[in-house]
Amino acid sequence: MSKLQPVRGTQDFWGEDARRFSFVVSTFNQLAKRYGFKEIQTPIFEFTEVFRRPLGDTSDVVTKEMYTFLDRGGEEITLRPEITASIVRAYLSGGMQQKGIVKLFTSGAMFRYERPQKGRFRQFHQLDVEIIGSPDAAADVELIALARHLLEVLGIAGATVLHLNTLGDTESRNAYRKTLVIYLKDHERKLSRESRARLKKNPLRILDSKDAGDQALLKKAPGMNDYLNVASSDFFAAVRDGLDNLKIPYTVNDRLVRGLDYYCHTAFEFITDQLGAQGTVIGGGRYDGLVEMMGGPETPGTGWAAGIERLAMLLKTLPEEERLTVFVPMTEAAGRLADRLCYALRKGGFAADMAYRGNLKKRLQKADKQGARFAVIIGEDEMASGKLTVRDLDSGIQASIGADRLAAFLKKQTAD
RNA sequence: GCGGGCGUAGCUCAACUGGUUAGAGCACUGGCUUGUGGUGCCAGGGGUUGGGGGUUCAAGUCCCCUCGCUCGCCCCA
C-alpha cells in the first residue's frame, strides 16, 4: 500500500458518493429555509472550553474522543465534536438574545476520535437545526416535522422509525434517577460490566444498554413516566398531540436516552435497521439548561442533528443529473466557433462541454462517456453551410440547425 | 481502548492438499472503422500477491510481527 492514504476514519467523496452527499445537503438547505430557518456557519474549531463545559467532564466525547491541540499561541483548541455548543456560543457572542426566538440551520464536518465502523467516521458530517429561545412544545414539533419531511423528500422515510421519549425537567429527572439507581444497586452484580460503570457516571444510559441481561433486569425497573411532575408530563403530552395533529407517526420508547448531559424533556431519534450497529440517522431533543450553562441568560432551546453519511447511505434513488451538450469541432475555425457557442450555452443555463481531442470517433466517444444527450458536430461541411449538425445521442437522429437557433432547439428537444 | 473477519491489477474475484513465467471479467489505451458514440471482433498497458521477517529444495498459499481495511463492543449522527 502506498503512503498516500487518507487518515483513518476519513474519506473522499467523489462520483456517486459526492452526488449522494450533496443531494442530502441541498435538500436539507432548501427545506430548512422553507421552514423559516436562517443559515449559520460557525468555525470548525473552538476553544476547548466551549465543548468541555456543556458536554460534561465524564462524557466519552470529552474524555477520549476530542481532537484537541495547542495552537502556536498556546491556546487550547478543539475540532468540533458536535455543533450545538458552537451555535450556542455564536448565539451568545453575537448577541442574538436581542432577536427573541432564533431558528438556525447549518451543516458541516465534525470530528471524533473513535474506531470507525459502518456509518461511523472520525470526520463525519451533520445537518443541524436549532430553535433557541422557545420554551414551547410547538418548537419541538416543528423540528420533528422538518426531520420527517426531509426523510420523505429523500425517499427514505419508510426505512426509519421515529422513537420519542421525555427526560422530564431537572426535578423529574433527578427524582427518577434516584429511584432507578436504588433499584439497580440492588441488582448490581447482575448488571453488565459497562452498566456497572454507568451506574456511577451516567445511570440513565443503562436504559438503552444492548446487553440482554441488563434489558431483562430493566423490565421490572421503575419507569420515567411515574416520576414526571405535572409540568413535564404536560409538555410531553403537548409534543405528542402536536405530532398526532400533523399525522407524524412515532413510537414512544421510554428506553430512549440521549448521550449528552444537557438534554431535558423531548428526546427523539429516527432509527433505521439498515446501517448495522449505527441505527440513529437523526437525533435530537430539548436542552433548556445549555445556554445558561455556557454563561448566558436562562434560555430554552431545542434542536437535532442528522448524519449526512448515514442519510446518504440509505438513499435508494438520486435525482437525474442535467445532461450535457458536447461540442465536437473538427477544424481550428470550428473550434473557435464551438468555444463561443459553448460559452453562450453555459451562460444561457445549459450544461455544455467541449470534446477537444482526437478524431470524430474519439470525440463522440468522450461525449458518450460523459452521458451527454447531444453532440454538436462542427466540421468543414458545417462551417461551409453555416448549419451545425446536432446529434441526439439517445436516438442517433441528427438535425441541421443554424447556430443562432441552437439554444431554442435544445430547449425544445429536452422539454419533451 | 477491547474482540472477530479480511488484505492478489483501478474494481469484482480465480490460482487443487505449498510446485513452472500469478489468471479472468469489467474498466483503461490502440486498432478493425482518416465525418459518427453505445453492441461486436482483435491487440496492448497495468501486480514487489499491503510491508517486513521466518520455515522449506520451493511460499499468493504455512508461522510470527507490522500496517491497512472491515464488522461488532463502548459511544454516537
Side-chain angles (χ1 to χ4, degrees), chain A residues 1-9 11 15 24 55 58-66 80-84 107-129 147 160 192-195 197-198 201-202 205 208-211 257-260 268-272 275-285 303-314 326 328-331 334 355 358-383 389-398:
Chain A
M1 268 292 156
S2 152
K3 283 168 193 145
L4 293 177
Q5 289 175 353
V7 174
R8 169 179 288 196
Q11 54 188 333
V24 171
L55 295 177
T58 59
S59 74
D60 276 30
V61 171
V62 168
T63 54
K64 51 186 202 195
E65 293 177 0
M66 295 203 307
R80 61 190 185 196
E82 63 108 33
I83 200 170
T84 305
S107 65
M110 311 292 152
F111 304 85
R112 288 182 200 170
Y113 191 87
E114 302 183 274
R115 266 302 265 286
Q117 59 190 73
K118 191 182 181 80
R120 201 172 85 179
F121 312 96
R122 288 186 174 178
Q123 176 177 334
F124 62 103
H125 300 81
Q126 289 185 332
L127 311 172
D128 185 275
V129 287
T160 66
S192 65
R193 194 156 49 98
E194 285 84 9
S195 288
R198 290 186 187 111
K201 258 169 52 181
N202 193 351
R205 289 237 57 125
D208 63 359
S209 167
K210 286 177 188 170
D211 184 87
V257 192
R258 310 248 67 228
L260 306 177
F268 65 91
E269 293 184 359
F270 286 85
I271 296 174
T272 180
L275 288 179
Q278 276 61 240
T280 303
V281 172
I282 300 178
W304 55 251
I308 296 176
E309 289 88 347
R310 292 182 184 179
L311 291 170
M313 281 189 281
L314 290 178
V326 173
V328 181
M330 300 307 296
T331 67
N359 55 27
L360 179 61
K361 180 187 170 72
K362 287 281 162 247
R363 295 182 196 224
L364 284 175
Q365 250 173 29
K366 188 198 168 188
D368 191 47
K369 275 173 195 155
Q370 284 182 285
R373 171 73 194 279
F374 296 102
V376 180
I377 299 166
I378 314 175
E380 286 175 11
D381 296 350
E382 286 80 6
M383 291 302 282
T389 298
V390 180
R391 181 179 179 83
D392 183 329
L393 292 173
D394 287 354
S395 65
I397 295 169
Q398 298 193 164

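To find a chain, count down the sequence lines: A is the first, B the second, and so on, and within it residues start at 1.
- Base engagement by K361(A) is indicated by at least one non-hydrogen atom pair under 4.0 Å involving a base atom.
- Nucleotide C6(B) has G68(B) as its partner under the Watson-Crick or G-U criteria, with both atom distances under 3.5 Å.
- Contact annotation: R391(A) does not reach the phosphate of G37(B) (side-chain N/O to OP1 or OP2, under 4.0 Å).
- Side-chain atoms of R310(A) come within donor-acceptor range of the base of C76(B), with a qualifying N/O pair under 3.5 Å.
- Side-chain N/O atoms of R115(A) and base N/O atoms of G72(B) include no donor-acceptor pair closer than 3.5 Å.
- Here the shortest heavy-atom pairing between M383(A) and T331(A) reads CG-OG1, 4.5 Å.
- Counting heavy-atom neighbours within 6.0 Å of E380(A) CD, excluding the residue itself, gives a total of 12 or less.
- For K362(A), no side-chain nitrogen or oxygen approaches OP1 or OP2 of U34(B) to under 4.0 Å.
- Between the CG atom of L393(A) and the P atom of U39(B) there is a distance of 13 Å, rounded to whole Å.
- No contact: E309(A) has no heavy atom under 4.0 Å from any strand.
- Donor-acceptor pairing under 3.5 Å, judged by distance alone, is absent between the side chain of Q370(A) and the base of G37(B).
- Across the protein-nucleic acid pair, Q11(A) atom CD and A77(B) atom C1' stand 13 Å apart, rounded to whole Å.
- Computed from coordinates, the E114(A) CD to G72(B) C1' distance equals 14 Å when rounded to whole Å.
- Rounded to whole Å, atom C1' of U29(B) lies 14 Å from atom CG of N359(A).
- R363(A) contributes a side-chain N or O that, together with a main-chain N or O of P329(A), makes up a donor-acceptor pair within less than 3.5 Å.
- One atom, CG of L364(A), and another, C1' of U34(B), lie 14 Å apart when rounded to the nearest Å.
- Residue-level contact check: G379(A) touches the bases, meaning some heavy atom is under 4.0 Å from a base atom.
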